[in-house]
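Reading through the structure tokens given below for one structure.
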Amino acid sequence: MRSLKSLLIFASFVISIGSASAADSTSKTTPQIIQPPVTTRHEITIGGQRVQYDATAGHLSLTQEDGTERARIFFIAYTRTGTTDPATRPLTFSFNGGPGSSSVWLHMGVLGPRRVLLKDDGNALPPPGKLVDNDQSWLDMTDLVFIDPVSTGYSRAAVGDKAKDFHGYNQDIESVGDFIRRYVSEYKRWASPKYLIGESYGTTRASGLSAHLQQRYGMFLNGVILVSAVLNFQTLDFAEGNDLPPNLFLPSYTAAAWYHKKLGADLQAKPLADVLNEVRAFATGDYTVALMKGDALQGTERTAVVEKLARYTGLSTQYIEATDLRVVIYRFCQELLRSSGRVIGRFDGRYTNPQVNPLSEYMENDPSYAPAVQGSYSTLVNDYLSRELNVRTNLPYEVLTGRVHPWDYSNAQNEYLNVAPRLRDAIVMNPDLRIWVLNGYYDLATPFFATEHTFRHLGLPSSLRPNIDMTYYEGGHMMYLIKSELVKMKEDAKKFYR
């Protein structure tokens, strides 16, 4: 743990840089309060064991080599005290996705020492919600640093009109990578085993960072954890002429239909895992061939495929025909329970809401986001930062913002962004790098079969394929919202960190 004197020196350093930048740019941006890192001491019981820790929250400046400030990255770090030398203790950097999301979801949903309390099935408590000690926190295994990329959380570009310089794939990798380098240098953690964990677009970021940190700074990681992964964007884009998504989403459609009891009696009687294995076989076989044939698929062959799709989706054969055998995700969410006037969630197909417009093809809102998590997480992270971690700033905490759009994908012009080769190259360069991929069966945003497809096409040498481990959960995009899956994740994490 750093001494109080060293923390004050670092705080003064951040304030002096921030003050100069604010003075230079008064005409361009509203003055902002910079939060120097402040440390508070806490303890929690995890697995029956008392864990003492320091929580440090504040801004760390990213600067050019001439000292000019570029951005102020807000972070929250938890360091266990009173045990081993922090320099050799595992250190995990965490971020979420969007692009445009703060780190709150992994922070206060699964990893951190304080957790947003939900009902055991993942549904929210009435407003304003409740914050509790997280007895499933990973802090007993690893120190944790939660990073809010520029324009999310309290992180901001030093000059407001320069924020767009951080809003893109390459720019994001560079700035988050620079933060990680600065943090491990400032807090003397180069000798620590280092891990990344990202969720959703955070898995895109983590995969890109795994290669960037090695190539730019010689920082070799021990592990990368991918929660609800998207590495190849072609697997998710229902663009005309792209026949991958209809195929790769199919098992997730089946899982949602199975959950809502919309499948035939024989399928409903089977365990979900057995049903999904049957659907995987159809998707990689007859359905792939059918999609490849296009209009050449006719007669009894077409009828057989239509009937199988209806069997595995819970939709009518008429509807399958109307979609030309290609069911778009947003339409599926609206169609599955249309007869009962309900729409299902995209982040988690278990959740439902009443349909506002029963004739609409697309959901008005996602029942697995706003009602389930948005209000409670937004309220409680603001309360926690100000009341328990003593953060003082006039900035709004941007939980999930559209201010980062349009996101710059110019590095992938005329093609789909695909970071899988970068992850593969990182593993080849560092054969000790281990990858853990977590999938939710009911995730209709980043479906598990699409992730399996990506890793089947990773191109890893056979000797390195055991570096990849996949686990599956009875939940959606944020499987940890369900208490049983939160507990299962912790048990799986113990194996990974060991």
Side-chain angles (χ1 to χ4, degrees), residues 62 64 70-71 95-101 147 149-152 155 157 159-180 196 198-217 224 226 228-249 291-292 294 326 328-330 346 400-429 435 437 445-447 449-460:
L62 302 185
Q64 299 176 4
R70 301 172 55 234
F95 33 75
N96 276 82
S101 177
I147 306 170
V150 173
S151 299
T152 74
S155 298
V159 180
D161 60 4
K162 294 292 185 182
K164 64 180 182 298
D165 294 345
F166 297 87
H167 299 163
Y169 170 77
N170 282 332
Q171 304 92 310
D172 177 74
I173 294 294
E174 188 275 333
S175 61
V176 175
D178 193 20
F179 170 87
I180 291 173
L196 304 179
E199 178 179 287
S200 197
Y201 186 87
T203 66
T204 311
R205 178 184 295 123
S207 299
L209 279 170
S210 65
H212 174 78
L213 292 172
Q214 289 180 177
Q215 296 164 1
R216 178 67 180 86
Y217 303 119
V224 176
L226 307 176
S228 302
V230 50
L231 276 60
N232 182 352
F233 281 57
Q234 185 181 4
T235 63
L236 303 186
D237 186 1
F238 283 84
E240 189 170 352
N242 180 20
D243 280 340
L244 271 181
N247 185 301
L248 299 179
F249 275 68
L291 292 171
M292 288 292 290
R326 295 159 176 82
V328 176
I329 173 57
Y330 293 101
R346 173 174 167 263
L400 185 61
T401 179
R403 295 169 59 179
V404 305
H405 297 291
W407 193 254
D408 179 14
Y409 291 104
S410 59
N411 63 300
Q413 281 188 324
N414 298 318
E415 62 177 333
Y416 291 100
L417 176 63
N418 182 12
V419 298
R422 301 204 69 183
L423 183 63
R424 177 200 62 217
D425 294 345
I427 299 170
V428 172
M429 287 176 62
I435 313 300
V437 188
T446 56
F449 193 50
T451 301
E452 292 173 358
H453 171 88
T454 297
F455 278 89
R456 285 198 303 270
H457 294 79
L458 202 59
L460 266 182

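Numbers for residues simply follow the sequence, beginning at 1. Only heavy atoms go into these numbers, but all of them, side chains included; no hydrogens, no water, no symmetry mates.
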Please identify each residue that fulfils side chain to side chain donor-acceptor pair (under 3.5 Å) with [X], with sequence neighbours left out.
| X | result |
| --- | --- |
| N242 | Q234 |
| R403 | E398 |
| N232 | none |
| R70 | E174 |

Can you sort out the partners of [X] under ring-ring contact (aromatic ring centres under 6.0 Å, His included), two or more places apart, ordered by chain and number?
| X | value |
| --- | --- |
| F166 | none |
| H457 | H453 |
| Y330 | none |
| Y201 | W407 |

If we check side chain to side chain contact (heavy atoms under 4.5 Å, CB included) with T446, which of these qualifies: L231, L226, T203, L236? L236
Tested for side chain to side chain contact (heavy atoms under 4.5 Å, CB included) against L209, the lone hit among D172, V224, L196, L423 is L196
Is M429 atom CE crowded by more than 12 heavy atoms from other residues, nucleotides or ligands, each under 6.0 Å away? yes
Rounded distance (nearest 0.5 Å) linking atom [atom1] of [X] with atom [atom2] of [Y]:
| X | Y | atom1 | atom2 | result |
| --- | --- | --- | --- | --- |
| D178 | Y217 | CG | OH | 4.0 Å |
| H212 | S207 | NE2 | OG | 14.0 Å |
| S200 | R205 | OG | CZ | 10.0 Å |
| I173 | L213 | CD1 | CG | 8.5 Å |
| M292 | D243 | CE | CG | 8.5 Å |

Tell me the closest heavy-atom pair linking [X] and [Y], and the distance in Å.
| X | Y | result |
| --- | --- | --- |
| F95 | G202 | CE1-O, 3.2 Å |
| T235 | F249 | O-CE1, 3.6 Å |
| N96 | S101 | CB-OG, 3.6 Å |
| R424 | L460 | CG-CD2, 3.9 Å |
| R422 | A211 | O-CB, 3.6 Å |

Contacts of R346 meeting salt bridge (charged side-chain N to carboxylate O under 4.0 Å, His left out) (sequence neighbours excluded), chain-then-number -> none
List the atom pairs, with distances to 0.1 Å, where a side-chain N or O of residues 409-420 and a protein N or O form a donor-acceptor pair under 3.5 Å, not counting sequence neighbours.
| unit_1 | atom_1 | unit_2 | atom_2 | d |
| --- | --- | --- | --- | --- |
| S410 | OG | D408 | OD1 | 2.8 |
| S410 | OG | D408 | OD2 | 3.2 |
| N418 | OD1 | A420 | N | 3.1 |

Partners passing side chain to side chain contact (heavy atoms under 4.5 Å, CB included) against T451 (at least two apart in sequence or in another chain): A229, V437, N439, F455, M470
Non-neighbouring partners of S155 that pass side chain to side chain contact (heavy atoms under 4.5 Å, CB included), sequence neighbours left out: I73, F74, D148
Under a 3.5 Å distance rule, please check whether T204 uses its side chain to pair with a backbone N or O of V230 as donor and acceptor. yes
With side chains defined as the heavy atoms from C-beta onward, is the minimum distance between H405 and P99 less than 4.5 Å? yes
Just so I know, are the side chains of V150 and D165 near enough to count as touching, which here means a heavy-atom distance under 4.5 Å? no
